[in-house]
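Here the structure comes first, spelled out in structure tokens, and everything after it is commentary.
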Amino acid sequence: MAEKEKNVVNFSDPLSVLIVEDNEVDYKMLSSMLKDESYKISYSQVTETLADAVKALKEKSFDVAIVDLNLSDSKGELTLKEITEQFPLLPVVVNTGAYEDDLGLKTLGYGAQDFLVKSKYTAYTLIKALRYAIERKRLELELKDTMEQLSVTQRQLIEAERMRIIGGLASGVAHEVKNPLATILYGVTYLTDHVQVDDEKYQVVLDNIRAATHKANNIIVDLLDFASLSRLNKKATSLEDIIEKSLSLVGHEIDKHKVSVSKEITKDLQDIVVDKNRIEQVVVNLLLNAIYSITEGGNVHIRVHNGCLSSEMIKSMGLSEHYFKNGDRYLFMHIEDNGSGIKNENLDKLCDPFFTTRRAKGGIGLGLPVSKNIMELHEGSLCVQNKEDEGARATLIFRTSL
Ligand SMILES: Nc1ncnc2c1ncn2[C@@H]1O[C@H](COP(=O)(O)OP(=O)(O)OP(=O)(O)O)[C@@H](O)[C@H]1O
Ligand SMILES: [Mg+2]
């Protein structure tokens, strides 16, 4: 090796290299080339079969692998496929036969980062190929990560825009409808107080109009609420106090539906920094959903505990992997019921504005979307799932400072 050639290679990080090669002449040549001190190879290992290569890669992490595709236990692109699928972070340089330049080029499309053609490389071009492969893999992974982040951001922007449009429409319609409703309510009250009509049905009709007007007004209040969620007043608050206040707010419905409530709250409960009124609104919505799903005499169980998110939870709760990471600490609150549960075909629609299966009983379908929005504004989340046995479970997760 000419001195001049050696001096050009000037990388500081030492490399560990796995050589997957069953031809003795080839692996001896590769090993001897890698032995040169100036190339900073900290460790190299030879395996002659794919099975041994997989074993070695599981036991030790390598910076890069040089892989001959035709081994005794695997041939051609299948060798590369097996390695790239099992070790997606590993940079791979394929070592192809003497006249297989075309095949070498093709392997780049199958996941290799570079290729060598036997008998056509020198120690210098070998080291350059390894370094290039590592850098190319790093850039590939960085690009993949950026693309994922971009797609998450794009989805969030679309969702934010959708919510902005719905919010704008909702508040526009709500303001327009509020005044005529007030006029109707005033008219009904006036007729009740000032006009005596000798007809039984007269009073019934007025009562029906009043009830319908109140219902319409409640919808308007919900819609205006939906449109003005960005104003939060966050303070350190006890979740236990929020639960007690929410239970007292729905006390009448609990009694009416003869529902029993049980609680299991962790002893080391820390305060959470939230807008107390908004979180009460969320808990009330979830309690009402649980109560309404239950036929008389059921149970609502509230569980609060600290915990870490797992990859499985992130998936099953439909959380964005960009914001919610495996191992992040959260405060979990579950509201579990033994009610009707949710039909599978409805699970994906629960948080869509105006989706309800209780329209005939006065449901509007804003409880969950509003609640989810509130939780997301608190950097937490909400999901409703069926329980393993019967009924449903609504889970809230709150960021804690731990
Ligand atoms: N605990 C639960 N058990 C069974 N179904 C549920 C439960 N929670 C929510 N759902 C389903 O999700 C739908 C949407 O809930 P959401 O709270 O958004 O609206 P709603 O309760 O129908 O009306 P409202 O706007 O008055 O809250 C419900 O109609 C119901 O079908
Ligand atoms: Mg509801």
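As the structure is a prediction and not an experimental result, all values here were calculated from the model. Counting starts at 1 for both ligands and their atoms, in listed order.
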In the protein, which heavy atom is nearest to atom 19 (O) of ligand 1, and how far is it?
-> Gly365 CA, 3.3 Å
Is any NZ, NE, NH1 or NH2 atom of the basic residue among Lys55 and Asp52 found under 4.0 Å from an Asp or Glu carboxylate oxygen of the other?
-> no
Hey, does Phe398 have a side-chain heavy atom less than 4.5 Å from the side chain of Ile279?
-> yes
Provide the number and element of each atom of ligand 1 under 4.0 Å from a heavy atom of Pro369.
-> 18 (O)
Whether His305 and Phe332 hold their rings parallel, tilted or perpendicular, with breakpoints at 30° and 60° | parallel
Answer side chain, backbone, both or neither: which part of Asp337 comes under 4.0 Å from ligand 1, heavy atoms only.
-> side chain
If hydrogens are left out, which of Leu368, Val384, Thr356 has an atom nearest to atom 15 (O) of ligand 1, that is, the closest non-hydrogen atom?
-> Leu368
At what distance is the nearest protein heavy atom to atom 4 (C) of ligand 1, and which residue and atom is it?
-> Gly341 O, 3.4 Å
Could you list the atoms of ligand 1 found under 4.0 angstrom from a heavy atom of Arg358?
-> 20 (P), 21 (O), 22 (O), 23 (O), 26 (O), 29 (O)
Check if Gly391 has a non-hydrogen atom at a distance under 4.0 Å from any atom of ligand 1.
-> no
Minimum heavy-atom distance between Val117 and Gly97, given as atom pair plus value | CG1-O, 3.4 Å
Identity and separation of the nearest protein heavy atom to atom 21 (O) of ligand 1 = Asn289 OD1, 2.9 Å
Quick one: look up the protein heavy atom nearest atom 26 (O) of ligand 1 and list residue, atom name and how far away it is.
-> Ile364 N, 3.6 Å
Considering the heavy atoms of Ala392, write down every atom of ligand 1 situated less than 4.0 Å from one of them.
-> 1 (N), 2 (C), 3 (N)
What about Thr357: any of its N or O atoms under 3.5 Å from an N or O on ligand 1?
-> yes
Give yes or no for whether the N/O distance cutoff of 3.5 Å, strictly under, is met between Gly362 and ligand 1.
-> no
Are Lys81 and Glu77 ion-paired here, with the side-chain N under 4.0 Å from a carboxylate O?
-> no
Got the closest protein heavy atom to atom 12 (O) of ligand 1, with its distance?
-> Leu350 CD2, 3.3 Å
Of all the atoms in Asn289, is at least one N, O or S atom closer to the Mg ion (ligand 2) than 2.8 Å?
-> yes
Do the side chains of Tyr202 and Gln196 get nearer than 4.5 Å, heavy atoms only?
-> no
Of all the atoms in ligand 1, which lie at a distance below 4.0 Å from a heavy atom belonging to Gly363?
-> 23 (O), 26 (O)
Nearest heavy-atom contact between Leu18 and Ala56 is CD1-CB, 4.2 Å
Evaluate the side-chain proximity of Tyr132 to Val93: yes if any heavy-atom separation is below 4.5 Å, no if none is.
-> no
Can you check salt bridge (Lys or Arg N to Asp or Glu O under 4.0 Å) on Lys372 and Glu376, steps first, answer last?
-> CA-CA 6 Å; Lys372 185 154 190 216; Glu376 284 173 357; 3.8 Å; yes
Leu366, any N or O under 3.5 Å of ligand 1 N or O = yes
Run the numbers on Lys276 and Glu280 for salt bridge (Lys or Arg N to Asp or Glu O under 4.0 Å), then give the verdict.
-> CA-CA 6 Å; Lys276 186 168 166 284; Glu280 260 166 31; 3.3 Å; yes
Could you check atom 14 (C) of ligand 1 against the protein and tell me its nearest heavy-atom contact, residue, atom and distance included?
-> Phe355 O, 3.4 Å
Are any of the heavy atoms in Ile342 under 4.0 Å away from ligand 1?
-> yes
Of all the non-hydrogen atoms in the protein, which one sits nearest to atom 3 (N) of ligand 1, and at what distance?
-> Ser293 CB, 3.3 Å
Would you please classify the geometry between the Tyr190 ring and the His194 ring as parallel, tilted or perpendicular, with 30° and 60° separating the classes?
-> parallel
In plain terms, say whether Asp26 and Lys118 are close enough for a salt bridge, that is, a side-chain N and a carboxylate O under 4.0 Å apart.
-> yes
